[in-house]
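Just so you know, residue 1 is the first one in the sequence shown, and it goes up from there. Just the heavy atoms: all of them, side chains too, but no hydrogens, waters or symmetry mates, feed the values below.
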Amino acid sequence: MQDDHPVKMPETAVAVIGAGPGGLAASRWLGAHGLVPAIMEAAPRLGGQWNAASATSATWPGMRTNTSRIMTAFSDLDHAPGTPTYVRQEEMLNYLERYAFTFGLLPHLRLGTRVEWLERTAEGAWLIRSISDQGTRAEIFRQVVIATGRHNLPQVPEIPGLSSFDGALGVAHTAQYAGAERYRGRKLVVAGCSISALEIASDLALGGAGNVVSTNHRQRYILPKLIAGVPTDHLMFTRAAALLGEVLPSEELAAGMKSTVVKAAGRPDQFGAPAAAENIFAAGISQSQHFLAAVAEGRIAVRPWIERIEGRTVRFSDGYTFEADGLLFGTGFRLSLPWLSKEIAETIGHDGSHLDLHDHTFHPDLPGLAFLGLYDLIGPYFPVLELQARWIAYCLAGQLPLPSPETMRAGVEKARAMRSGPPSLAMHVAALMFARNAGVEPDLAAWPELQRPLLFGPLSPVSFRLDGPDAYLNAPVKMRMAAAAFGAIQDDCFTPEEESLRRLVGPRATRTAA
């Protein structure tokens with residue numbers, strides 16, 4: 001097929017770029033509402049980040065999820081019986097393949113198909129040029145969903161002397177990490193305080209590395225993956241927490257969150273790490289089951305940020321020096337969409353970090369184009385991806401109207417204003433935003449027998465199948481089971497603390513989507 005003879009696809013066809021969790025969820029819900037996805041995936045296998053063989057994957061074989069199996073699944077497909085609380089990378093890939101099979105997505109997959117160009121046509125449709133083993137294609141779609149993921153271009157900061165580093169194991173990003181075996185007996189610096197950086201530092205320290213130094217710009221508070229046997233994401237990312245954020249001043253929220261975190265996990269300085277800032281929002285929160293314990297045991301030393309590097313010598317800003325064999329940077333990713341036309345990139349303000357979109361999804365000047373999952377999310381991704389996918393599908397299928405141009409322009413201005421603020425989006429805040437947009441946030445007044453699990457249980461995907469489009473009969477039972485998992489929510493009797501919070505968020509809790 002020649003690029004100068006583009007094929008006009010049927011009106012019901014929607015191009016979905018990416019076959020990771022976001023692209024698969026979008027395709028499942030588009031198909032459920034009468035549209036036909038054409039799923040383009042550059043790798044020869046679906047899965048996105050969970051396909052460790054993909055050139056852009058930052059996972060490694062044997063890696064476990066940071067969120068529980070309940071919160072790392074979609075609403076209508078559970079993990080296989082016997083799956084552990086934290087799912088292995090291989091099991092996640094199997095889950096996504098089973099999801100694609102269950103919902104009839106396999107015939108719509110174009111694996112090994114790399115998108116090379118996306119532009120708007122004179123008629124207001126979308127031209128996609130792609131290449132695969134079968135040659136090049138040029139196709140025109142009325143609607144396109146971009147779901148390539150955010151974590152696909154590793155970012156290493158500029159550090160004086162970094163290019164001079166001559167340790168035997170060299171410099172790498174944690175996206176290239178393939179397990180601790182290569183690093184046994186070696187001296188290593190792991191830079192960053194993200195979950196991946198802390199988990200890899202722990203993996204190295206417990207996997208036989210000689211010395212491990214962790215370095216960061218600021219010490220974060222660190223939660224374990226489990227608190228009294230309950231996954232942290234079940235306790236921290238709740239509907240009540242999101243609703244409190246709408247009624248309490250920032251200072252009260254920060255104080256309350258810090259109290260909860262310190263009570264559950266202690267302060268970093270209690271373990272021998274530097275003290276974190278008093279304001280927990282300024283400090284930030286990360287997560288690792290073993291990191292602080294390894295610090296307390298002397299397996300990991302924590303230092304401030306790197307000042308400069310001279311050969312093998314790493315000098316930190318406190319004057320401490322360390323002779324390292326290898327440097328690993330867990331310092332985040334840039335958002336890479338190199339195939340967007342200049343017009344699209346400029347319209348959305350794409351600079352490698354930000355996108356100026358209404359609620360991270362639509363732009364009023366780009367009708368028929370939607371973006372899914374391209375934000376830096378704190379907490380479980382799967383419930384949020386499914387909610388955003390449902391909203392997109394409802395809008396593209398005409399089941400819900402798109403937000404008005406005025407609403408979208410206000411959303412774009414809000415996104416621009418937030419460029420100077422925190423770069424991350426909390427899962428529970430994002431979940432309620434997308435649920436309200438899709439008209440699927442449950443009205444708590446209509447479910448009095450479920451108020452406790454709905455408010456204080458996990459924001460499981462199935463909890464958004466109670467009301468609105470695609471509600472289904474078994475949702476109340478499955479939602480209650482998700483809330484009761486791991487012994488978290490055993491009955492409907494509110495504790496005194498929960499009762500006071502319920503009263504505080506009551507007016508907001510019973511609000512339905514506008």
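Note that CG of Leu153 is 10.0 Å distant from OG1 of Thr56, once rounded to the nearest 0.5 Å. The line from CG of Leu387 to CZ of Arg436 is 12.0 Å long, rounded to the nearest 0.5 Å. In this structure, CZ on Arg390 lies 6.0 Å from OG on Ser75, to the nearest 0.5 angstrom. One distance of note links CG of Asp470 with CD of Gln399; it measures 6.5 Å at 0.5 Å rounding. Note: Leu96 CG to Arg45 CZ = 10.0 Å, rounded to the nearest 0.5 Å. To the nearest 0.5 Å, the span separating CZ on Arg267 from CG on Leu292 amounts to 12.0 Å.
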(request) Would you please test Val440 and Asp467 for side-chain contact (heavy atoms from CB on, under 4.5 Å) and show each step? (result) CA-CA 6 Å; Val440 298; Asp467 295 327; over 6 Å; no

(request) Go through the steps for Ser57 and Trp50 under the test side-chain contact (heavy atoms from CB on, under 4.5 Å), then give the verdict. (result) CA-CA 7 Å; Ser57 174; Trp50 296 107; over 6 Å; no

(message) Let's go through Phe362 and Trp391 carefully: what are the C-alpha distance in whole Å and the side-chain angles of both, what is the deciding distance for ring-ring contact (aromatic ring centres under 6.0 Å, His included) to 0.1 Å, and is it a yes or a no?
(response) CA-CA 11 Å; Phe362 296 115; Trp391 180 37; 5.1 Å; yes

(request) Apply side-chain contact (heavy atoms from CB on, under 4.5 Å) to the pair Met92 and Glu90, showing each step before the final yes or no. (result) CA-CA 5 Å; Met92 282 304 309; Glu90 301 93 329; over 6 Å; no

(request) Begin with the C-alpha distance, continue with both residues' side-chain angles, and end with the deciding distance and a verdict on side-chain hydrogen bond (donor to acceptor under 3.5 Å, both in side chains) for Glu91 and Thr83. (result) CA-CA 8 Å; Glu91 293 170 314; Thr83 299; 4.9 Å; no

(message) I'd like to know whether Ile146 forms a side-chain contact (heavy atoms from CB on, under 4.5 Å) with Leu340, so could you lay out the CA-CA distance, the side-chain angles of the two residues, the decisive distance to 0.1 Å, and finally the verdict.
(response) CA-CA 10 Å; Ile146 297 175; Leu340 291 181; 3.9 Å; yes

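Taking the six-membered ring where tryptophan is involved, the planes of His33 and Tyr394 are perpendicular, since the angle between them exceeds 60° and thus also 30°. Using the six-membered ring where Trp is involved, Tyr381 and Tyr375 have ring planes that are parallel, under 30° apart on the 30 and 60° scheme. In this pair, His360 and Phe434 present their aromatic rings perpendicular. The plane angle is above 60°, beyond the 30 to 60° band.
Annotation: side chain of Thr238 is not in contact with side chain of Leu455 (no heavy-atom distance under 4.5 Å). Between Ser286 and Tyr221 the shortest side-chain heavy-atom distance does not fall below 4.5 Å. Residues His290 and Arg299 have side chains not in contact (no heavy-atom distance under 4.5 Å, counting atoms from C-beta outward). Lys478 has its side chain out of reach of Ile70: every pair of non-hydrogen atoms, C-beta onward, lies at least 4.5 Å apart. Looking at Val16 and Leu30, their side chains come closer than 4.5 Å, going by heavy atoms from C-beta outward. Two residues are said to be in side-chain contact when any heavy atoms from C-beta on lie closer than 4.5 Å; Ser353 and Arg334 meet this criterion. Counting only heavy atoms from C-beta outward, the side chains of Leu46 and Asn51 never approach each other to under 4.5 Å. Counting only heavy atoms from C-beta outward, the side chains of Glu199 and Met63 never approach each other to under 4.5 Å.
Closest non-hydrogen pair, Arg465 versus Asp76, comes out as NH1-OD2, 3.5 Å. What you find for Ala254 and Ile280 is that their closest heavy atoms are O-CG2, 3.5 Å. When all heavy atoms are compared, the tightest approach of Asp376 to His151 is OD1-NE2, 4.0 Å.
Put simply, the side chain of Gln451 gets close to the backbone of Leu444: a donor and an acceptor are under 3.5 Å apart. No donor-acceptor distance shorter than 3.5 angstrom exists from the side chain of Gln143 to the backbone of Ala15, with no hydrogens or angles considered.
A cation-pi arrangement, defined by a distance under 6.0 Å to the six-membered ring centre and an angle within 45 degrees of its axis, is present between Arg28 and Phe103.
Donor-acceptor pairing under 3.5 Å is lacking for the side chains of Ser194 and Ser196. At a cut-off of 3.5 Å, with distance as the only test, a side-chain donor of His234 or Ser68 sits close to an acceptor on the other residue. For the residue pair Asn66/Tyr86, the side-chain donor-acceptor check at 3.5 Å is not satisfied. Residues Glu41 and Thr113 have side chains that never bring a donor and an acceptor to within less than 3.5 angstrom of each other.
Pairs passing the ring-ring contact (aromatic ring centres under 6.0 Å, His included) check and including a residue from residues 448-474, sequence neighbours excluded, do not occur.
When ring centroids are compared, Phe329 and His173 stay outside the 6.0 Å threshold.
Not counting sequence neighbours, the partners of Thr72 by the side-chain hydrogen bond (donor to acceptor under 3.5 Å, both in side chains) test are Thr67. Evaluation of the side-chain hydrogen bond (donor to acceptor under 3.5 Å, both in side chains) rule for Arg419 yields Asp351, Asp356 as partners, not counting sequence neighbours.
Summarising the local packing, CD of Glu278 is surrounded by 12 or fewer heavy atoms from other residues, nucleotides or ligands at distances under 6.0 Å.
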